[in-house]
There are 2 protein chains.
Amino acid sequence: MADTARHPEPRYGNRPTMKDVAARAGVGLKTVSRVVNAEPGVTPDTERRVQEAIDALGFRRNDSARVLRKGRTASIGLVLEDLADPFYGPLNRAIEEVARAHGALLINGSSAEDPDREQELVLALCARRVDGLIIIPAGHDHRYLEPEIKAGVATVFVDRPAGRIEADAVLSDSFGGARSGTAHLVAHGHRRIGFIGDQPRIHTAVERLGGYRAAMAEAGLPVEDSWVSLGTTVPERVHEAVVSMLKAPEPVTAILTGNNRVTVTVVRALAAHERPVALVGFDDIELADLLNPGVTVIAQDAATLGRTAAERLFRRLDGAPEAPGQVVVPTRLIARGSGELPPPADR
Amino acid sequence: MADTARHPEPRYGNRPTMKDVAARAGVGLKTVSRVVNAEPGVTPDTERRVQEAIDALGFRRNDSARVLRKGRTASIGLVLEDLADPFYGPLNRAIEEVARAHGALLINGSSAEDPDREQELVLALCARRVDGLIIIPAGHDHRYLEPEIKAGVATVFVDRPAGRIEADAVLSDSFGGARSGTAHLVAHGHRRIGFIGDQPRIHTAVERLGGYRAAMAEAGLPVEDSWVSLGTTVPERVHEAVVSMLKAPEPVTAILTGNNRVTVTVVRALAAHERPVALVGFDDIELADLLNPGVTVIAQDAATLGRTAAERLFRRLDGAPEAPGQVVVPTRLIARGSGELPPPADR
DNA sequence: CTGAAAGCGCTAACAG
DNA sequence: CTGTTAGCGCTTTCAG
């Protein structure tokens with residue numbers, strides 16, 4: 001007690017250090033280090049004595065010190081939009097599994113779709129000297145990352161590309177998915193199709209809108225302004241968008257939704273509507289198959305997205321010198337009924 | 001370059017240190033430290049010079065060194081069962097928000113319901129010297145944590161209590177919830193009610209079974225062995241359990257499910273069944289209100305669970321000396337139709 | 001096979 | 001207001 005009195009708050013609650021273990025075992029500090037790290041060159045007998053001291057003292061190596069010395073933290077950072085969004089669960093988990101296989105821990109946080117918060121989080125992770133970073137970006141200008149990347153922080157963007165810097169990205173085929181979803185509705189006879197998506201500052205929202213427009217154009221169909229609604233995914237706004245599309249003089253007969261949050265709200269809104277309206281949703285949602293009709297979706301493979309990104313990250317950490325590039329993960333249309341509803345016969 | 005040639009692999013990609021910044025700004029090391037940490041006692045002019053050097057060099061404080069010196073990491077660890085499970089999303093997010101409010105980062109990992117993996121993760125987090133730990137335990141013996149807790153790692157268990165040690169726990173009222181859900185079914189005329197839950201080594205599974213049994217006993221109803229099925233939540237097993245309960249000579253007319261995974265599978269199984277069977281599910285699930293009938297559930301408040309646990313953790317970190325205790329968060333029965341179905345009239 | 005010494009980058013304590 | 005010194009607990013280096 002006396003010799004630690006210099007510290008007003010006992011450090012780490014006064015945990016034993018390798019020095020303490022060495023003293024107790026009657027060996028040198030480095031020998032303890034060797035035992036702890038299972039390095040060769042220690043007599044079985046010495047090892048046993050050291051191990052006993054470790055157990056007796058409840059010693060646990062302080063990785064902070066180790067990190068300082070070694071320069072690698074064996075941890076990666078993940079910044080996503082919202083940990084509570086079911087879309088990110090499987091993505092998060094897939095990344096975790098890859099990290100685990102590489103002996104790394106995962107530090108993660110939500111940007112809440114706020115670019116400042118994204119940057120704050122990313123830089124905090126850099127200060128912790130994470131070995132690598134997986135980012136689902138909220139902002140569009142990632143030049144703040146340049147010094148970090150130059151300093152050796154491997155970085156992979158997921159779901160949306162980086163802005164104003166060259167960086168790896170693993171993306172879903174948003175454009176293609178939205179296009180095929182729209183084409184699917186056209187194939188089932190629809191000519192007036194609405195699109196309700198996320199805020200236009202979000203890359204995927206714009207891509208999906210683009211896919212929708214492309215499919216409409218390819219079918220020779222016009223797109224009225226009132227058929228397109230981009231904005232936040234709060235239920236109130238989305239609900240309003242549905243209502244206004246349906247009560248127009250020339251109401252839409254089908255809707256394509258831009259993500260899982262929107263789809264859920266639209267399903268609710270349509271359930272309250274008298275006439276059946278066709279629906280194709282971007283992102284699969286749980287129980288979609290059990291609704292009546294089942295919800296036809298363009299499913300993204302979140303787990304593949306995460307796994308691919310993490311594997312790329314660790315390949316870079318292992319020194320792969322490839323140029324930064326994009327990987328596009330295909331989407332899959334799953335027909336369950338709502339997307340196959342015909343337009344009303346009366347018009 | 002020459003003076004760093006000693007390092008075979010450039011540390012942190014050769015990032016500048018405070019020393020480098022000090023040299024460039026022509027000030028002492030400690031002055032840089034003052035500026036970086038916004039400590040008082042630096043002339044505006046000096047501060048400007050230092051700041052310029054920081055920007056020019058792309059300096060970012062190395063928190064590993066800081067942590068080593070200060071003894072606190074400003075990070076907490078969260079070990080849960082599966083990051084991909086929608087139940088843990090809001091919990092995770094709520095914990096993150098509290099951590100953020102306290103300036104701490106969140107390191108998390110999945111135990112995959114494996115006690116060994118839980119322990120491995122927890123100890124890795126302890127080696128990183130996280131300030132605190134929030135654990136959704138997979139195992140039942142947490143004595144391995146004793147040295148850590150003694151050494152000052154604040155620990156709070158969530159969703160399930162710790163085993164064989166005294167520790168804080170924040171739990172849902174599993175017993176009470178299951179009991180009221182069962183009573184609800186009884187009140188709607190059911191006398192043969194089945195229970196399908198998770199593996200009996202999981203605390204909440206046992207509690208919920210207990211609540212079910214208690215309600216049955218209180219109603220003076222017997223519980224046949226064939227009405228109770230505990231085991232893994234893989235769809236195959238759960239499906240089989242449903243089928244066997246329904247094809248028995250005295251089939252159940254209602255089912256209580258033990259968690260969200262089970263509920264989803266049971267809903268699917270019942271959808272394929274000819275006769276309507278009443279259902280009350282533990283845990284709310286998305287879109288439960290839109291199914292036909294809507295799924296009556298006993299909803300847990302995952303966000304409150306997480307927030308409460310995190311707040312308790314930080315209170316401890318701030319030195320609150322309360323004895324370890326349990327907080328129970330109430331559940332709420334949400335009637336949506338499936339739990340109000342009457343038993344078939346013919347028997 | 002083992003250990004002593006140096007130092008990772010930072011902050012605490014104390015001197016100017 | 002500013003700088004110097006020591007040292008956090010570990011790994012690296014090199015000498016026994």
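Lettering of chains follows the sequences in order, A, B, ..., and the numbering in each one begins at 1.
Summarising the geometry, the separation between CD on B:E39 and C1' on C:dC10 is reported as 12 Å, rounded to the nearest angstrom. As a whole-Å value, the separation of B:R69 CZ from C:dA12 P is 7 Å. Rounding to whole angstrom units, CZ of residue B:R66 and P of C:dC10 are separated by 11 Å. In this entry the distance linking CZ of A:R128 with C1' of C:dC8 reads 18 Å, nearest Å. Following rounding to the nearest Å, A:L68 (CG) and D:dT11 (P) show an atom-to-atom distance of 11 Å. Distance, B:K30 NZ to C:dA13 C1': 9 Å, rounded to whole Å. If you take CG of A:D20 and P of D:dC8, they are 11 Å apart, rounded to a whole angstrom. In this structure, A:R129 places its CZ atom 12 Å from C1' of C:dC8, rounding to the nearest Å.
For B:M18, whose side chain is taken as the heavy atoms from C-beta onward, the closest listed nucleotide among C:dT2, D:dC10, C:dC10 is C:dC10.
When heavy atoms are screened at a 4.0 angstrom cut-off, A:N37 is found touching the sugar-phosphate backbone but no base atom.
The backbone N or O of B:L171 lies less than 3.5 Å from no partner atom in the side chain of B:D159, so there is not a single donor-acceptor pair.
Nearest approach of A:V50 to A:V32, heavy atoms of both residues: CG1-CA, 4.1 Å.
Look at A:E47 and A:R34 and you find no salt bridge, because none of the NZ, NE, NH1 or NH2 atoms lies under 4.0 Å from a carboxylate O. Using a 4.0 Å cut-off between charged nitrogen and carboxylate oxygen, B:R128 and B:E148 do not count as a salt-bridge pair. Taking the charged nitrogens against the carboxylate oxygens, A:E96 and A:R93 do have a contact shorter than 4.0 Å, which makes a salt bridge.
For the OP1/OP2 pair of D:dC8 and a distance below 4.0 Å, the side-chain nitrogens and oxygens of A:T17 include no atom meeting the criterion. In terms of phosphate contacts, A:S64 brings no side-chain nitrogen or oxygen within less than 4.0 Å of OP1 or OP2 of D:dG9. Phosphate proximity of D:dT2 to B:T43: present, with a side-chain N or O under 4.0 Å from OP1 or OP2.
A residue-by-residue look at A:K19 and A:R34 shows that A:K19 has its nearest nucleotide of DNA chain D further toward the 5' end. Between A:G26 and B:S33, it is A:G26 whose nearest contact on DNA chain C lies nearer the 5' terminus.
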